[in-house]
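Working notes for the structure below.
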Amino acid sequence: MSETAHFALEGNLMARPMLETLGPRHVAIIMDGNGRWATMRGRPRLFGHHAGARRVREVVEACPDYGVKYLTIFAFSTENWKRTQVEVAGLMSLFRRYIMKEMQAFVKENVRVRFIGDRPRLDAKLRALMDEAEDFTKHCTGVNLTIALNYGGRDEVARAAQRLAMDVKEGKLDPAEIDVETLPRYLDTCFLPDPDLVVRTSGEARISNFLLWQSAYAEYEFIDTLWPDFTPEELGRLCAAFGGRDRRYGAVKA
Ligand code: FPP
């Protein structure tokens, strides 16, 4: 498949200046509440997922205004396959259409898109679009958008352990050298800094297997807003609140 089979670049790149702040550089979001948002309106759950997908771009585009250089969003978990066949198929179709529709806009906004998660279980067409999107946006130097698709934190650590064991078996790695610096290099997120702030929408106070290793020192915000109602202004408020927090990473204040 050619690099631009599904999306071709038109127009100029808009390099938006990134604000330097004391706020979080890496924000990770568990986008929850689409189903309830739809049910409250008497509509099927997929209606909520479509509304949720429409929210993503404006939140990504607001990131430079708040100094957020990395945004990681949880789109589909390794546990979400347990949903009905209709919902799973609808979500997969939404992801395919989303990639085809949004990548040009992301390039214009200088947004680099990457995916984390276990890809082999996804269908070939979706995997090809994911590869294409990563390739198409790889020159972008603004916001780094990472989409977690068929992602689970435990699954990621297990896959990393497999690759690590393979390197030991092949004599590329000495087991005595494996430490907290080594393991993250085998994680899906090896290209990302750890998240500073993890947000979960919809009032649930759980982390649901999201970025387990990476969030060891993250700040958490559990907010009541359902994802389709989440706004750039709310992101701004969360970033401002983060700026006032005292992060000690296990040490005591000097
Ligand atoms: C959780 O809400 C949401 C999901 C499992 C899917 C998330 C997907 C999107 C926001 C849209 C697509 C995203 C991209 C990047 C195209 P839920 O269905 O569990 O809500 P509920 O708890 O109210 O049932």
Side-chain angles (χ1 to χ4, degrees), residues 6-7 27-63 70-107 109 111-119 121-123 125-127 129-130 132-134 136-137 143-153 155 188 198-211 222-232 234-235:
H6 292 96
F7 22 86
V27 176
I29 307 184
I30 302 172
M31 306 180 289
D32 196 12
N34 297 343
R36 273 163 285 169
W37 186 90
T39 304
M40 281 161 64
R41 286 159 179 80
R43 304 297 298 269
R45 295 177 56 81
L46 275 168
F47 181 74
H49 294 315
H50 281 266
R54 283 195 296 276
R55 276 289 158 194
V56 172
R57 188 173 357 141
E58 59 182 310
V59 172
V60 175
E61 287 179 6
C63 284
Y70 301 90
L71 180 72
T72 301
I73 54 174
F74 206 178
F76 192 87
S77 77
T78 45
E79 289 71 40
N80 285 151
W81 298 104
K82 295 179 201 150
R83 297 186 176 208
T84 65
Q85 204 265 328
V86 169
E87 185 168 350
V88 170
L91 276 165
M92 293 300 145
S93 158
L94 170 61
F95 298 141
R96 285 193 297 271
R97 277 193 281 162
Y98 185 84
I99 295 173
M100 285 194 276
K101 188 168 155 272
E102 294 291 87
M103 290 309 124
Q104 288 185 1
F106 281 140
V107 167
E109 289 285 333
V111 174
R112 181 165 187 181
V113 179
R114 280 175 283 203
F115 297 89
I116 55 172
D118 189 19
R119 296 194 195 198
R121 192 168 173 190
L122 299 169
D123 77 58
K125 172 93 192 289
L126 177 56
R127 288 200 315 262
L129 283 165
M130 290 159 69
E132 218 179 306
E134 288 181 335
F136 189 64
T137 63
V143 174
N144 289 276
L145 172 65
T146 303
I147 302 176
L149 241 177
N150 194 25
Y151 174 86
D155 177 71
D188 296 353
V198 178
V199 177
R200 183 178 188 138
T201 59
S202 93
E204 311 285 354
R206 299 189 285 275
I207 57 170
S208 298
N209 207 6
F210 190 42
L211 301 177
F222 299 102
I223 59 169
D224 288 336
T225 311
L226 303 176
W227 173 254
D229 292 328
F230 188 83
T231 59
E234 191 142 25
L235 176 68

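In each ligand, atom 1 is the first atom listed, and ligand 1 is the first ligand listed.
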(Q) Let's go through Glu79 and Arg206 carefully: what are the C-alpha distance in whole Å and the side-chain angles of both, what is the deciding distance for salt bridge (charged side-chain N to carboxylate O under 4.0 Å, His left out) to 0.1 Å, and is it a yes or a no? (A) CA-CA 14 Å; Glu79 289 71 40; Arg206 299 189 285 275; over 6 Å; no
Hey, which atoms in ligand 1 end up nearer than 4.0 Å to a heavy atom of [X]?
X: Ala53; value: 11 (C), 12 (C)
X: Asn80; value: 5 (C)
X: Arg45; value: 17 (P), 18 (O), 19 (O), 24 (O)
X: Trp227; value: 10 (C)

**Prompt:** At a non-hydrogen distance cut-off of under 4.0 Å, which region of Trp37 contacts ligand 1 (side chain, backbone, both, or neither)?
**Reply:**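 For Trp37, there is no contact with ligand 1 at all, from either part.
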What residue and atom, counting heavy atoms only, is the protein's closest point to [atom], and at what distance?
atom: atom 19 (O) of ligand 1; result: Arg83 NH2, 2.8 Å
atom: atom 22 (O) of ligand 1; result: Arg36 NH2, 2.8 Å
atom: atom 11 (C) of ligand 1; result: His49 O, 3.4 Å
atom: atom 20 (O) of ligand 1; result: Gly35 N, 3.1 Å
atom: atom 10 (C) of ligand 1; result: Asn34 ND2, 3.2 Å
atom: atom 6 (C) of ligand 1; result: Ala75 O, 3.2 Å
atom: atom 16 (C) of ligand 1; result: Tyr98 CG, 3.4 Å
atom: atom 15 (C) of ligand 1; result: Ile73 CD1, 3.8 Å

Between [X] (side chain) and [Y] (backbone), is there a donor-acceptor pair under 3.5 Å?
X: Tyr151; Y: Leu211; answer: yes
X: Arg55; Y: Pro228; answer: yes
X: Arg41; Y: Trp37; answer: yes
X: Thr137; Y: Val107; answer: no
X: Asn150; Y: Asp118; answer: yes

Using heavy-atom distances only, which candidate in Val88, Val60, Asp32 approaches atom 17 (P) of ligand 1 most closely?
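Residue with the shortest heavy-atom distance to the ligand atom: Asp32.
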*Do Leu126 and Ile99 come within less than 4.5 Å of each other through their side chains, counting heavy atoms only?*
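Answer yes - side chains close enough.
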Can you check whether Val56 reaches Tyr98 side chain to side chain, under 4.5 Å on heavy atoms?
->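 In short, these two side chains touch, coming nearer than 4.5 Å.
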field: Distance in Å, Glu87 CD paired with Leu94 CG, rounded so as to fall on 0.5 Å steps
entry: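 Spacing of CD (Glu87) from CG (Leu94) equals 11.0 Å.
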Does either side chain, that of Arg45 or that of Thr84, offer a donor lying less than 3.5 Å from an acceptor on the other one?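 Not at all, the side chains of Arg45 and Thr84 share no donor-acceptor pair under 3.5 Å.
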* So, is Ile147 polar-close to ligand 1, with some N/O to N/O distance under 3.5 Å? ->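 No; the residue has no nitrogen or oxygen that sits under 3.5 Å from a nitrogen or oxygen of the ligand.
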